[in-house]
Amino acid sequence: MSGHEQKYINEAFETNWIAPLGPNVDAFEKEIAEYVGANDAVAVNSGTAAIHLALSLLDVNKGDIVFCSSLTFVASANPIIYQRAEPVFIDSEPGTWNMSPQALERAFHEATNEGRLPKAVIVVNLYGQSAKMDEILSICNHYRVPIIEDAAESLGSTFKGRASGTFGKFGIFSFNGNKIITTSGGGMLISNDIEAIKKARFLATQARDPAPHYQHSNIGFNYRMSNILAGIGRAQLEVLDDRVEARRVVFERYYQELAHLSGLHLMPELENTRSNRWLTALIINEEEAGVSAEEILRALTLENIEARPVWKPLHMQPIFQGTRYYQHSNSENISEYLFKSGICLPSGSNLEVEYQSKVINCIKDVINNNSKERDVIHI
Ligand SMILES: *Cc1c(COP(=O)(O)O)cnc(C)c1O
């Protein structure tokens, strides 16, 4: 927390606005919309709910297809299943680790041949890095299929100066506890289509018709954000830019210390984009480094350092077995490679230099020890 949250929470208590609506909710929506430069926003109780609402608004239903990045957290795709539609997963490309435009183009080409275009494309901005939006937008516009930009991890990032989350018909953010700013749990759906956001707000409030009695002509959801949590969000938004700065400093330090080591490749930053560096991620090329990502993860765990593998691609998940998947190219399966060789390092905005050094030294030690061992074996 930043310290100012209590002020907004107290306001909510003093005015007795303890509900999934109220002045903090209204203000938080306005402030987020202003921050990213979108026409409107609706605050909801999770990023997952925001994706679900976007699919609902795009009329995604049983029998429909939705294209979705494969290398992401499961919440990107679960709402496709909530709507009884069918996900088709798209591989990553090496420059951003995000959706491969050439794989997307192939998926569209085949969908056209089968006469079954997707109803929507969910594009994820992994660990804060924007996808190749120019190429992806141009393909989706060509086929006239709307984009839902899953910017859950990329609030505060930009692509050619424009805020992450504002490139599709809809954008979504998450304020889950692990994200760059948090309301403990929460999300936001944004769009330039004010009518659509109005409808989202209606659907998220149990779709209650404007009648004095309780009347419903649509099936709605209970998805609104609490006025107390929105208060936390408002204070968090005030420090978002500082957090991005702090995380970029964390990344920079890892970069200085690790990037020159053989076989270690930190997640790239596409030209003309600025990542919030939500997490510092890197890949370990086992042949070059002499150690595997798994060995490094194990060594970090032994030192009580919490590091994680990169997201397991959704097409590899048991729940999505048999789902269609388009690789980057015939010979390149980028998301699987990133999964096998990638790790995410501790990257908190409040990570102290001393602790970061511990992480860095641990990685260096594993690499040095292993290369020595291998030398001995060679002799
Ligand atoms: C966190 C996250 C979500 C889901 O957000 P919640 O608020 O936890 O529901 C969706 N997509 C991605 C890529 C995420 O990292």
Side-chain angles (χ1 to χ4, degrees), residues 20 25 28-29 32 41-56 66-83 87 89-90 92 96-99 120-131 133 136 147-157 164-165 167-168 170-190 200 204 221-226 229-230 232-233 236-237 240 243 247 267 275-281 308-315 317 319-320 335 338-339 342 344 347-348:
V25 175
F28 189 36
E29 288 172 347
I32 286 278
V42 56
V44 291
N45 53 21
S46 72
T48 312
I51 298 172
H52 193 193
L53 285 171
L55 291 172
S56 264
V66 176
F67 291 173
C68 181
S69 305
S70 188
L71 189 62
T72 181
F73 180 51
V74 71
S76 301
N78 274 345
I80 302 170
I81 308 296
Y82 302 164
Q83 289 300 98
F89 293 116
I90 312 291
S92 301
T96 63
W97 297 15
N98 287 311
M99 187 178 276
V121 177
I122 300 176
V123 181
V124 179
N125 303 312
L126 210 63
Y127 305 135
Q129 171 59 58
S130 292
M133 278 322 210
I136 291 169
I147 290 175
I148 299 168
E149 193 182 359
D150 180 349
E153 300 175 4
S154 62
L155 179 61
S157 302
S164 189
F167 287 81
F170 294 104
I172 78 98
F173 299 117
S174 165
F175 310 113
N176 192 20
N178 62 345
K179 298 303 197 289
I180 193 153
I181 61 168
T182 181
T183 57
S184 81
M188 192 77 75
L189 176 70
I190 62 158
F221 309 101
N222 183 8
Y223 276 173
R224 292 311 307 279
M225 180 183 280
S226 138
L229 301 187
I232 298 177
Q236 291 269 295
L237 185 57
L240 172 58
R243 296 237 165 131
R247 293 209 184 209
M267 186 177 188
S275 170
N276 66 11
R277 294 293 187 193
W278 175 54
L279 289 185
T280 292
R308 299 267 174 88
V310 164
W311 297 125
K312 180 170 184 170
L314 297 187
H315 72 272
Q317 297 286 354
I319 52 168
F320 292 121
S335 67
L338 292 170
F339 171 57
C344 299
S347 315

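Both counts, for ligands and for their atoms, begin at 1 and track the order of listing.
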*Would you mind checking which non-hydrogen protein atom is closest to atom 11 (N) of ligand 1, with the distance to 0.1 Å?*
Asp150 OD2, 2.8 Å
*Is it the case that Asp150 and Ser76 place a side-chain donor and acceptor less than 3.5 Å from each other?*
yes
*Close approach of Gly187 to ligand 1, heavy atoms, under 4.0 angstrom*: no
*Do any nitrogen or oxygen atoms of Ser174 come within less than 3.5 Å of a nitrogen or oxygen of ligand 1?*
yes
*Is there a donor-acceptor pair closer than 3.5 Å between any side-chain N or O of Ser70 and the backbone N or O of Phe89?*
no
*With heavy atoms of Gly186 as the reference, note each atom of ligand 1 found under 4.0 Å away.*
7 (O)
*Side-chain contact, heavy-atom cut-off 4.5 Å: Tyr82 with Phe221?*
no
*At what distance is the nearest protein heavy atom to atom 15 (O) of ligand 1, and which residue and atom is it?*
Glu153 OE2, 2.6 Å
*Do Thr182 and Ile232 come within less than 4.5 Å of each other through their side chains, counting heavy atoms only?*
no
*Which residue owns the protein heavy atom closest to atom 8 (O) of ligand 1, what's the atom, and how far is it?*
Asn176 ND2, 3.5 Å
_Salt bridge present between Arg247 and Glu153 (N-O < 4.0 angstrom)_ = no
*Which of the atoms of ligand 1 are close to Ser76, meaning less than 4.0 Å from one of its heavy atoms?*
11 (N), 13 (C)
_Polar atom proximity, Val124 to ligand 1 (N or O, under 3.5 Å)_ = no
*Any N or O on Trp311 sitting closer than 3.5 Å to an N or O of ligand 1?*
no
*Look at the side chain of Asn276 and the backbone N and O of Trp278, then say whether any donor-acceptor pair between them is shorter than 3.5 Å.*
yes
*For residues Thr72 and Ser69, report the shortest heavy-atom separation together with the two atoms involved.*
CG2-O, 3.4 Å
*Numbered atoms and elements of ligand 1 in range of Gly47, under 4.0 angstrom, heavy atoms*: 5 (O), 6 (P), 7 (O), 9 (O)
_Under 3.5 Å, is there a donor on one side chain and an acceptor on the other for Arg277 and Gln129?_
no
*Determine whether the side chain, the backbone, both or neither of Ala152 has a heavy atom under 4.0 Å from any heavy atom of ligand 1.*
side chain
*Kindly say whether Leu126 contributes a backbone atom to a donor-acceptor pair with the side chain of Asn98 at under 3.5 angstrom?*
yes
_Heteroatom distance test (Thr72, ligand 1): nitrogen or oxygen, under 3.5 angstrom_ = no
*With distance as the sole criterion, is a donor-acceptor pair present between the side chains of Ser164 and Ser157 under 3.5 Å?*
no
*Nearest-neighbour protein heavy atom for atom 2 (C) of ligand 1, which is reported as residue plus atom name and distance*: Lys179 NZ, 3.0 Å
*Distance to 0.1 Å, residue and atom name: give those for the protein heavy atom nearest to atom 9 (O) of ligand 1.*
Thr48 OG1, 2.5 Å
*For ligand 1, which atoms, with element, lie under 4.0 Å from some heavy atom of Ala75?*
3 (C), 4 (C), 10 (C)
